[in-house]
Undergrad: 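So that we are looking at the same thing, I have put the structure below in structure tokens.
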2 protein chains.
Amino acid sequence: MSRTAGAAGAVAGQGTGQGPEQGAGIKDVAREAGVSVGTVSNVINRPDLVSERTRRHVREVIDRLGYVRSESARQLRAGRSRLLSLLVLDMGNPFFVDLARGAERTARAAGLSVMVCNSDQSPAAEAEYLSLFAEQRVHGVLVTPADPSGSNLQEFRRHGIPFVLVDRVAGGVGGCSVSVDDVAGGAMAVRHLVSLGHRSIAYVSGQGHLLQVRDRRTGALDALAEAGLPPDALREVDADRLDVNSGRDAGARLLGMAERPTAVFCANDLLALGVLQAMYAAGVRVPEDIAIVGYDDIEFAAAAAVPLTSVRQPAATLGAMATELLLDEAGEQGAAHRHQQVVLRPELVVRGSSQIRR
Amino acid sequence: MSRTAGAAGAVAGQGTGQGPEQGAGIKDVAREAGVSVGTVSNVINRPDLVSERTRRHVREVIDRLGYVRSESARQLRAGRSRLLSLLVLDMGNPFFVDLARGAERTARAAGLSVMVCNSDQSPAAEAEYLSLFAEQRVHGVLVTPADPSGSNLQEFRRHGIPFVLVDRVAGGVGGCSVSVDDVAGGAMAVRHLVSLGHRSIAYVSGQGHLLQVRDRRTGALDALAEAGLPPDALREVDADRLDVNSGRDAGARLLGMAERPTAVFCANDLLALGVLQAMYAAGVRVPEDIAIVGYDDIEFAAAAAVPLTSVRQPAATLGAMATELLLDEAGEQGAAHRHQQVVLRPELVVRGSSQIRR
DNA sequence: CGAGTGTCATGAATCGATTCATCCTGGACG
DNA sequence: CGTCCAGGATGAATCGATTCATGACACTCG
């Protein structure tokens, strides 16, 4: 793009030509140190088998040559990589970012790295990623399934790579899972709204094929039934995706409804934030004119125009526990591993969007 | 180690004896199909070199055995992996999530996968990740440096793996970079505030070692100078980290200041959202009592209590362009590659947090 | 009929580290 | 002095796919 770039390129060319800069192998180290490759390998992996003298000498040579062992070669021998994969539904959702953080911390403590991927709620993308993981001979997979049928995972099972379902109970698929009780969460939200006197509540959701979305609705209906209200007290509003923009659209639609509900329960906080914006833009007061409850309790929920009442999920814990289960299954004593379905409880966090400040 | 281990071993032995469930190799395919391994490889990688008949037959066997080629073996031969690494400062910041999305799209179009990692603004973590990438013989690295000295990258250069700086101009380090003009962005923000009549402006920032933070301040000072205001019209408020919580703390401190500034410019939107919350909690009106301008224009900026005026950065474009440069440098004709420093321009988005609605 | 041409398939060498059976050496001990 | 042993070092085999020089075969043309 500029002349300066040219000069830089020339410099780079010289660099590669001159020295054997790129990639000293274990053989180079062995030769340079006057020992066998086996010894070099031992220095790195089982230092106690090598004499103090040799160890120090080889280490010195390694540093001097800038030797870095090749993971691919190790992997090839070991049969599997030192990577964990985490496949989430939406990286734009802070809930999954927190989840990833929890997983990463735990994995790194065990000497593994994490590769985070995004299925964007598409079963096709999910399938593609899963086969990528199989090619990589990944150590294990944490996955929030996008495919309700579970056939992607069924297929994946053939490869013998352990996986743990996250934010979803392992039902037909079998195996380990760590999830949060979405039915209970949905019930909490709606029970709260009912206790505030609301009798007509909208459920804003989308991506109906996601179990989380369906379970939260189920919980909502349970809560209504509990209160002796008919199921049609819950009015469905569909959003395209589970993000802020779709929430805004849904909010607009909500405003146009005849006999507008007095409260809104959203399948996640992104939707809720969108709905909130729509209300704000239309001059509808929250919570006086309409109450809003979200789901996930992402960090931004508390920072919203009106702080958002939300159902908190222990995202980081979810990621960490799932990783632990995965490591157990993938470990030496993997044979002794028993599959577990861990279900955590969510927690309702009441803020200004549902309750009038006094 | 224990009796059970022995038993487990036996089971495993049976397993391998019975069904080739786990991991059919290319050799198995070759044997089963009655061809050589070379032919199988050709079927996969250069189908045009194989006759229609054989091709079809081998494909059928591959499907039947559920053969998946081993990436590690390919990598070993190829010398480098098909993974791009992206090392960002903070995955909790939606700006970087957008950036990652842009990078991923471009990379996948080129048949590469992206591994996103989080240095959390720690030079030590950065160094650790970089050496991980070297071990992985990664195809290339996109990095938002956490280390101001650039010595981590200087060290990394030895490995001969191409890298591109993102959101940062390649200065001393050399090489490609794609960044946004932070000085210009800072100037835009403050120019805007000055034009609204503000004469005392706080700059809320933290992590002073980050160039982005410093550049934005420089721009702010430029704008003040432009307007004939003294540098001390900019009042520094330090936050620990660049997140919402730190912003809330900084906001509290701001409230305690003698001769409180009439406007706040924050180094990023997370801080701004935190400051906004602090004001809201203290009953200080925005923008009437104090104006706020953020930076990044993340999605949540528009959803805030008072929609946030912010300096928008083309995050996804940043990621995509950086990936393109990286692919060019890592490509066949890498020798012909000229290093480039691309600098994009940010854009001021004015919303309610700075300007009184009329 | 022999030479030439083009299409397919082959299989050994290779990438770089790990592992394990083997070998060496110096010292202890009977 | 011979034997045994333990601590160290060795180097060949191995993991699984790619690549390329070589070979087999069919077919055409002079």
Side-chain angles (χ1 to χ4, degrees), chain A residues 20 22-59 61-62 65-82 132 134-139 159-161, chain B residues 16 20 22-59 61-62 65-82 111 134-139 159-161 332:
Chain A
Q22 66 257 32
I26 198 174
K27 277 186 245 169
D28 303 303
V29 175
R31 187 171 351 98
E32 183 74 9
V35 299
S36 73
V37 293
T39 300
V40 177
S41 176
N42 281 337
V43 168
I44 299 171
N45 302 303
R46 308 140 85 170
D48 46 312
L49 293 186
V50 182
S51 76
E52 173 70 18
R53 250 176 59 81
T54 337
R55 202 188 319 154
R56 214 162 11 214
H57 177 217
V58 171
R59 286 243 171 82
V61 173
I62 287 180
L65 297 190
Y67 164 72
V68 183
R69 72 182 163 194
S70 151
E71 255 297 306
S72 12
R74 307 189 70 198
Q75 274 178 39
L76 176 56
R77 193 89 227 292
R80 63 177 172 184
S81 93
R82 308 177 58 70
L132 176 72
E135 286 192 357
Q136 305 258 20
R137 303 289 193 273
V138 149
H139 201 83
H159 305 303
I161 297 176
Chain B
T16 40
Q22 64 254 34
I26 197 173
K27 277 186 243 168
D28 303 302
V29 175
R31 188 171 349 98
E32 183 76 8
V35 299
S36 73
V37 294
T39 300
V40 177
S41 175
N42 281 336
V43 168
I44 299 171
N45 302 302
R46 306 138 86 172
D48 46 313
L49 293 186
V50 182
S51 75
E52 174 70 17
R53 250 176 60 81
T54 335
R55 202 187 318 156
R56 208 151 30 203
H57 178 218
V58 171
R59 285 243 171 82
V61 173
I62 286 180
L65 297 190
Y67 164 73
V68 183
R69 70 180 165 197
S70 151
E71 254 298 305
S72 12
R74 308 188 70 197
Q75 274 178 41
L76 178 55
R77 193 87 227 292
R80 62 177 172 184
S81 92
R82 308 176 58 71
E135 285 192 357
Q136 304 259 21
R137 302 290 194 272
V138 148
H139 202 83
H159 306 303
I161 297 176
E332 318 300 319

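This is a predicted model, so every value here is computed, not measured. In what follows, every heavy atom counts, from backbone to side chain, and hydrogens, waters and symmetry copies are set aside. Throughout, a chain's letter reflects where its sequence line sits, starting with A, and its residues are numbered from 1.
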Undergrad: Could you work out which one of D:dT18, C:dG16, C:dT18 sits closest to the side chain of A:R69?
TA: C:dT18
Undergrad: Any salt bridge (charged side-chain N to carboxylate O under 4.0 Å, His left out) pairs touching residues 32-51 of chain A, not counting sequence neighbours?
TA: A:E32-A:R64
Undergrad: What residues, two or more places apart in sequence or in another chain, satisfy salt bridge (Lys or Arg N to Asp or Glu O under 4.0 Å) together with B:R55?
TA: B:E52
Undergrad: Enter the inter-axis angle for the ends of the helix from C:dC1-D:dG30 to C:dG30-D:dC1 (five pairs per end, rounded to 10°).
TA: 60°
Undergrad: Once salt bridge (Lys or Arg N to Asp or Glu O under 4.0 Å) is applied, do any residues pair with B:R82, and if so which ones, sequence neighbours excluded?
TA: none
Undergrad: Report all interatomic pairs (protein N or O, nucleotide N or O of nucleotides 21-23 of chain D) with separations under 3.5 Å.
TA:
none

Undergrad: Applying salt bridge (Lys or Arg N to Asp or Glu O under 4.0 Å), name anything that partners A:R31, two or more places apart in sequence or on another chain.
TA: A:D28
Undergrad: Using the test side chain to side chain donor-acceptor pair (under 3.5 Å), find all partners of A:S81 that sit at least two apart in sequence or belong to another chain.
TA: none
Undergrad: For DNA chain C, find the residues of residues 50-57 of chain B with a heavy-atom distance under 4.0 Å and give them by number; none if there aren't any.
TA: B:V50, B:S51, B:T54
Undergrad: Pull out every protein N or O sitting under 3.5 Å from an N or O of nucleotides 19-27 of chain C, one pair per line with the distance.
TA:
residue, atom, partner, partner atom, Å
C:dT19, O4', A:R77, NH1, 3.2

Undergrad: Restricting to salt bridge (Lys or Arg N to Asp or Glu O under 4.0 Å), what partner residues turn up for B:R74, sequence neighbours left out?
TA: B:E71
Undergrad: Not counting sequence neighbours, which residues clear side chain to side chain contact (heavy atoms under 4.5 Å, CB included) with A:R53? List them please.
TA: A:S51
Undergrad: Does a side-chain N or O of B:Y67 approach OP1 or OP2 of D:dG16 to a distance below 4.0 Å, or not?
TA: no
Undergrad: Choose from D:dG16, C:dG11, D:dT10 the nucleotide whose nearest atom is closest to any side-chain atom of A:S36.
TA: D:dT10
Undergrad: So, using side chain to side chain contact (heavy atoms under 4.5 Å, CB included) as the criterion, who are the partners of B:A134 when residues are at least two apart?
TA: A:V68, B:F156, B:H159
